[in-house]
Amino acid sequence: MRRLAPYQSGLWLAEYGDIRCQLCRIYRSTLQSQLPQNHSSAIPPNNHSFFTNLRQHINNRFDSGLLCSHCHHSIIWLPKTFEVDIAAGTVLSIQAATYYDYPIRQAIRAFKHHEDMTKLPLLLHVLRQLPRPHGCHQDNSVIVAMPTTNQRLVKRGFDPVSILAAQLSKHWQIPLWYGVERIDNTVSQQGLTRAERLSNLNNAFVLTETPPVKRLLLFDDVATTGASLQALGRALYQPATNTASASSLPTNRYHLSAYALAHGSQYR
Ligand SMILES: [Zn+2]
C-alpha cells in the first residue's frame, strides 16, 4: 500500500482552494485570472448548476499552471534532452523540465529532506512542463519511478520520488509499474565522481517481474550525470535471464526514455 493520501489533500487545496501563485504567493496563478472571461462566454445562463460550473472550473485548473505568469517565465524550462549510453549503440534520452537551481532546488530539497509538503504544488507545476511522450498511452506504456532502497525508506519515512511519479502518472494518464527493486548495499551517490557513481550503481537494480508493456518511461527527481537513470535503463533494457540466448535477446528489449524534474549540471 503506497502512502499517498495525506499529500492528496494538500494538493487538492493548492489546486482548487488556493488561487495564488505557489511561488511568489502574491499574484493569481496563470490561467486562474482568465477564468471569468472564458467561462462567462462559454456557459449559457440558467442552464448550469453549481456542480457543472465546479466541474468546468476543476477541468480548467487541471490544465492550468499553479504559478503566476511572471514566476512561470522566470524559470528556465529545458526544451532539450541529454543522452547516456545504455547499451552498445543505444542511448537513453533524459528530458528534465528545468535546471536544479533556485527556486526548484530549494523546493526539491525541502520536500525530500524535510518532507515539506507545501512545496509539492510548485513541484507539480514543474512536472507538468515535461512534454508528454509522443504516442504513449495507458495501454502501451508504464512509468518506472527510480526505486529507493529499504534503508533509505526507513531513514526518510517516505519515498519522495514515488509521490512525484504518482502525480506524473495522474497527469499523463499512464500507469506506474513497480517491477524493479534497488539493492540496499549501495552507498549514497552524493559527492561521488561519475566513474564512482557508475561502478557503485552496477547491479544495483533487480527486476522482480517482467514489464507488461514495451515502452518504459523512467522517472527520477533530479538527474545530474544521469548515472542512476543510466543504470536503471541498463537493467531494464537487457534484463538478466538465465535462459536467454543471443538470438532471443531482442524480444527482451524495451523502448526506454527518461524524465526528471531537474537537471543538476555539475558545471553550474
Ligand atoms: Zn508568482
Side-chain angles (χ1 to χ4, degrees), residues 2 4 11 30 59 62-67 72 75-87 89-100 104 108 120-148 159-180 182 205 207 209-239 250-265:
R2 310 275 159 182
L4 291 176
L11 278 177
T30 313
N59 287 340
F62 261 122
D63 295 333
S64 76
L66 291 161
L67 302 189
H72 177 86
I75 294 170
I76 300 170
W77 304 108
L78 295 175
K80 284 188 182 168
T81 60
F82 67 104
E83 292 177 341
V84 291
D85 294 327
I86 51 170
T90 305
V91 294
L92 173 69
S93 75
I94 303 175
Q95 169 76 62
T98 183
Y99 287 115
Y100 190 49
I104 308 308
I108 290 176
L120 199 46
L122 170 58
L123 299 182
L124 182 58
H125 182 87
V126 176
L127 271 183
R128 290 177 182 175
Q129 310 312 312
L130 286 170
R132 196 177 194 283
H134 188 70
C136 290
H137 52 77
Q138 60 182 3
D139 298 322
N140 69 0
S141 310
V142 290
I143 295 173
V144 187
M146 177 62 65
T148 190
D159 179 9
V161 174
S162 75
I163 291 168
L164 294 167
Q167 295 304 320
L168 188 64
S169 167
K170 190 172 150 192
H171 182 55
W172 282 351
Q173 295 289 298
I174 291 173
L176 291 161
W177 178 70
Y178 298 101
V180 193
R182 192 164 185 166
F205 300 100
L207 267 71
E209 52 188 88
T210 305
V213 287
K214 285 286 178 192
R215 298 195 69 159
L216 310 177
L217 314 174
L218 283 47
F219 174 77
D220 203 357
D221 53 357
V222 181
T224 302
T225 63
S228 300
L229 286 166
Q230 184 177 21
L232 178 60
R234 284 178 173 171
L236 287 163
Y237 185 71
Q238 283 179 316
T251 59
N252 289 331
R253 287 181 180 165
Y254 297 92
H255 186 278
L256 306 180
S257 50
Y259 302 85
L261 274 185
H263 182 192
S265 170

A side-chain contact here means heavy atoms from C-beta on lying under 4.5 Å apart; do [X] and [Y] qualify?
X	Y	value
Ile108	Val126	no
Leu78	Tyr99	yes
Trp77	His72	yes
Leu120	Leu164	yes
Val142	Pro212	yes
Leu127	Phe219	yes
Trp177	Glu209	yes
Lys214	His255	no

Donor-acceptor contact below 3.5 Å, side chain [X] vs main chain [Y]:
X	Y	result
Ser169	Ile174	yes
Asp220	Ala258	no
Gln230	Ile86	no
Ser257	Leu217	no
Arg182	Pro147	yes

Report the C-alpha distance between Leu123 and Leu261 in whole Å, list the side-chain angles of each, state the deciding distance to 0.1 Å, and finish with yes or no for side-chain contact (heavy atoms from CB on, under 4.5 Å). CA-CA 8 Å; Leu123 299 182; Leu261 274 185; 4.1 Å; yes

Do Trp172 and Tyr259 have their ring centres less than 6.0 Å from each other? yes

Please list, chain by chain and in numerical order, all residues satisfying side chain to side chain contact (heavy atoms under 4.5 Å, CB included) with Gln173, sequence neighbours excluded.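 With sequence neighbours excluded, Gln173 shows a side chain to side chain contact (heavy atoms under 4.5 Å, CB included) to Arg132, given in chain and number order.
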
side-chain contact (heavy atoms from CB on, under 4.5 Å) between Leu124 and Leu66, intermediate numbers included: CA-CA 8 Å; Leu124 182 58; Leu66 291 161; 4.1 Å; yes

Let me confirm one number: the CG-OH distance from Leu256 to Tyr237, rounded to the nearest 0.5 Å.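 Answer rounded to 0.5 Å: 8.0 Å.
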
